[in-house]
Amino acid sequence: MLPSLAILPAIAGLLPSVSAAALSSNAQKIEDRAITPLACLFFGDIVSPWWLNRCKQHLDMVVIDLRSAEEYAVSHIPGSISAPFEPISAWSQMGPGDLLLELPEYNDLAAFLGSIGVGNSPSTATKIVLVNGVGVPAFPQAAGPRVALTLKFAGLSTGRVAILDGGFPAWTSESLPSTTEVPVPVPKTFISSPDRSFLVDINYVASKINKNRQGIFILDGRDQAVYNGSVLEEWAQRPGHIPSAKNLPTQKVWNPDGSFKSTFELLALLRQQIGYGASRSYGEIIVSCGVGGYASGLYWVLTRMLGFDNVKFFDGSAQQWSNEGYPMEL
Ligand SMILES: *[C@@H]1O[C@H](CO)[C@@H](O)[C@H](O)[C@H]1NC(C)=O
């Protein structure tokens, strides 16, 4: 077993400078020889800037920057590909009846993923790390989970997609290298099929209202003032929420710096908002919001951070529900 590289500088500090130089050159050799550092084998749901900087060159991995083209042009993570998250983009289209933020056509998405170097064939299984911005309101933070959900729809399983915790600001706050150089992706073959298992439509949601006592919850990720009807967002025709829906404002899942709260805090938040009736093993949670952005944040937290496997996603959200004349509760 090689000594941990992290302790070498500490040892070096205790020795005369000549030895320190020798030690650090040894460390360099060890690093050159290492095929895949052990830490890089642990590809979590959320990765730290340190991990990403250390491991990106050791794995078949595409780092996707979801910020605007302008932000990317100023500075980005070396090797990262720009694919801004916007309502009409590789990640999203306008849906039937002009629904905002609907999933793209599967074939377009698959072709796009192949073109930016995401391989998915018997011999390749590229991992993806998503890099979002951070802002108030938390729309930039929601881009990471929304694109993760879009990649699940593309057929990429859990274990293939991670989010950089704290987004690009966390990278710069650790003074890691950034660049303006734009990499040229090497296209790969992307073969999969769409996964729609977690998507539910408006009729399905209508059949699940008032079932909280059976462990079936509709969870609304909008801010409290929107949920309770005192504020009306532009995309909804009527105020309020889906009857019997509970409220867990998605903005609360992030710390002010855009990193995710701990799983302990997230579970406490969930319990506070919907009590102890929600279970990982029975019943169901259907997530919803205004148009499907914040709901993706809830979907991510519930499925990837808290281990719920009975979560469904209502992409039409309040926009479709209110505009198609379904009852709104205040
Ligand atoms: C709705 O939520 C807002 C924001 O939290 C709050 O100030 C307001 O009192 C609430 N209104 C009702 C009717 O509950």
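Only heavy atoms go into these numbers, but all of them, side chains included; no hydrogens, no water, no symmetry mates. Each ligand, and each atom within it, is numbered from 1 in the order the structure gives.
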Using 30° and 60° as the class boundaries, would you call the ring planes of Tyr299 and Phe198 parallel, tilted or perpendicular?
tilted
Looking only at non-hydrogen atoms, the one of Asn228, Asn247, Val231, Leu330 nearest atom 10 (C) of ligand 1 is Asn228
Can you tell me if Asn247 and Gln273 form a side-chain donor-acceptor pair at under 3.5 Å?
no
For atom 5 (O) of ligand 1, what is the closest protein heavy atom, and at what distance to 0.1 Å?
Gln224 OE1, 2.6 Å
Might you check, step by step, whether the distance between atom 7 (O) of ligand 1 and some protein heavy atom is under 4.0 Å?
no
Using a 4.0 Å cut-off to any heavy atom of Ser230, which atoms of ligand 1 qualify?
1 (C)
Check: Ser244 main-chain N/O paired with Glu329 side-chain donor or acceptor under 3.5 Å:
yes
Aromatic ring proximity, centroids under 6.0 angstrom, Phe85 and Trp91:
no
